[in-house]
There are 2 protein chains.
Amino acid sequence: MTYTIKEVSEKTEISIYTLRFYDKQGLLPFVARNSSGYRAFTDGDLSLIHTISCLKNTGMTIKDIRRYIDYVMQGPATIQQRITLLSEHRKKVEARQRKIAQNLQEIDYKLNVYQSPNAVATVTKEQQFVQQEKTINQLPNPYAKTILSK
Amino acid sequence: MTYTIKEVSEKTEISIYTLRFYDKQGLLPFVARNSSGYRAFTDGDLSLIHTISCLKNTGMTIKDIRRYIDYVMQGPATIQQRITLLSEHRKKVEARQRKIAQNLQEIDYKLNVYQSPNAVATVTKEQQFVQQEKTINQLPNPYAKTILSK
DNA sequence: CCTTGCCCTAGAGTAATGTCTAGAGTTTAG
DNA sequence: CTAAACTCTAGACATTACTCTAGGGCAAGG
């Protein structure tokens with residue numbers, strides 16, 4: 001039993017356009033064609049496309065995904081290269097996850113300020129500090145535009 | 001005391017090109033100019049650019065960052081809008097983080113297979129399954145290319 | 001003064017990742 | 001048998017986010 005591109009698109013939530021684009025980019029060399037030249041996806045193909053999705057979702061570039069797929073197509077001899085590629089990717093993803101978590105904490109800090117009962121006072125004070133800083137350096141007040149436009 | 005664009009670029013690790021690009025995109029309306037038309041960055045500006053970095057690093061689009069900055073420029077009246085914008089962004093980032101963590105687990109699963117002592121056997125078996133599947137459906141064997149090219 | 005190294009803008013160019021269109025062939029339900 | 005719904009390719013177009021170039025002005029040291 002095989003699947004059409006439409007069925008695969010629905011199963012994987014990858015658009016038909018994107019599937020064809022991936023094929024053009026060499027990400028789907030394992031997908032066979034039937035006698036009419038239509039792509040005939042097997043379950044094994046779906047499994048590989050799932051792996052491609054994982055790599056894509058974790059931010060791997062198409063170029064690197066293609067490298068991985070190339071290794072897969074070359075069989076067991078390339079297991080070591082696959083390990084290297086995936087471990088390095090893993091490291092990068094973890095580093096990025098950590099950085100995002102840090103940045104999220106800073107956003108949370110902002111949110112706390114905004115949600116505190118004296119948010120208006122805090123924000124007003126910050127704005128005054130900025131205005132003062134600009135004045136000291138003989139620079140125009142950036143908030144002036146808003147004030148003038150009233 | 002103010003900073004030149006070069007100094008800000010070094011402090012923030014954002015390229016001069018990008019800083020000017022951000023300014024063009026309306027992300028830096030608060031940065032003043034000196035008498036020669038040069039940007040003069042203050043400490044308050046750096047703080048806002050840091051916030052912009054946090055939003056950018058967590059994947060917010062320039063368009064949405066501009067919305068946030070616009071709110072900031074409008075003063076305390078927009079605190080509620082800022083809360084809404086940041087909370088929604090927060091939710092999206094957390095969802096994305098979770099998805100990435102899941103995908104990373106699947107990559108880890110792959111890595112475990114590759115790193116196990118019988119990796120070659122597992123991979124070979126997988127490959128045979130795919131070949132079988134293709135044969136059953138009267139489709140060409142995708143691995144054939146590699147074999148033939150030897 | 002003059003050279004070197006900054007700064008500026010406008011706008012062109014690039015890279016990655018899709019997304020869509022045109023034109024043509026295939027399959028399927030009535 | 002025909003219309004509707006699907007498939008294909010090639011290639012144009014879109015989007016996001018930079019990145020760079022050209023052409024010119026300003027500033028600081030010798």
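Quick note: numbers below take in every heavy atom, side chains included, and nothing from hydrogens, waters or symmetry partners. Within every chain, numbering begins at 1; the chains are lettered A, B, ... in the order of the sequence lines, protein sequences first and strands thereafter.
No donor-acceptor pair closer than 3.5 Å links the side chain of B:Lys110 to the backbone N or O of A:Arg82. Put simply, the side chain of B:Glu7 gets close to the backbone of B:Thr4: a donor and an acceptor are under 3.5 Å apart.
Of the two residues contacting DNA chain C, namely A:Tyr22 and A:Ser36, the nearest-nucleotide position lying further toward the 5' end is that of A:Tyr22. Between B:Tyr17 and B:Met60, the residue anchored nearer the 5' end of DNA chain D, judged by the nucleotide with its closest heavy atom, is B:Met60.
Taking atom CD1 of residue B:Ile52 and atom P of nucleotide D:dA17, one finds them 13 Å apart after rounding to whole Å. The separation between A:Ile16 atom CD1 and C:dT19 atom C1' is 12 Å, rounded to whole Å. The OH-P distance, from A:Tyr3 to D:dT7, rounds to 15 Å in whole Å. For B:Ile5 and C:dC8, the CD1 to C1' distance is 9 Å, given to the nearest whole Å. Rounded to a whole Å, the NZ atom of A:Lys63 is 17 Å from the P atom of C:dG18. Rounded to a whole Å, the CZ atom of A:Phe21 is 18 Å from the P atom of D:dC13. The separation between B:Lys6 atom NZ and C:dC6 atom P is 4 Å, rounded to whole Å. If you measure from atom CG of A:Asp23 to atom P of C:dT19, you get 16 Å, rounded to the nearest angstrom.
For B:Arg33, whose side chain is taken as the heavy atoms from C-beta onward, the closest listed nucleotide among C:dT9, C:dC7, D:dT9 is C:dT9. Residue B:Arg39 has its side chain nearest to C:dC8 when only D:dC18, C:dG18, C:dC8 are considered. Closest to the A:Ser15 side chain, of the nucleotides C:dT19, D:dT7, C:dG18, is C:dT19.
With hydrogens and angles ignored, a donor-acceptor pair closer than 3.5 Å exists between the side chain of A:Tyr38 and the base of C:dG25. Contact of B:Lys24 with C:dG11 (side chain to base): a donor-acceptor pair of N or O atoms is detected under 3.5 Å.
Phosphate contact (OP1/OP2 of D:dT9, side-chain N/O of A:Arg20, threshold under 4.0 Å): absent. OP1 or OP2 of C:dT17 has not a single side-chain nitrogen or oxygen of A:Thr18 nearer than 4.0 Å. Residue A:Thr61 places no side-chain N or O under 4.0 Å from the OP1 or OP2 atom of C:dT17.
We find the CE-CD distance between B:Met73 and A:Gln127 to be 8.0 Å, quoted to the nearest 0.5 Å.
Counting heavy atoms from C-beta outward, B:Gln138 and A:Thr2 have side chains that stay 4.5 Å or more apart.
Applying the side-chain hydrogen bond (donor to acceptor under 3.5 Å, both in side chains) test between A:Glu94 and each of A:Lys92, A:Arg90, A:Arg98 identifies A:Arg90 as the sole match.
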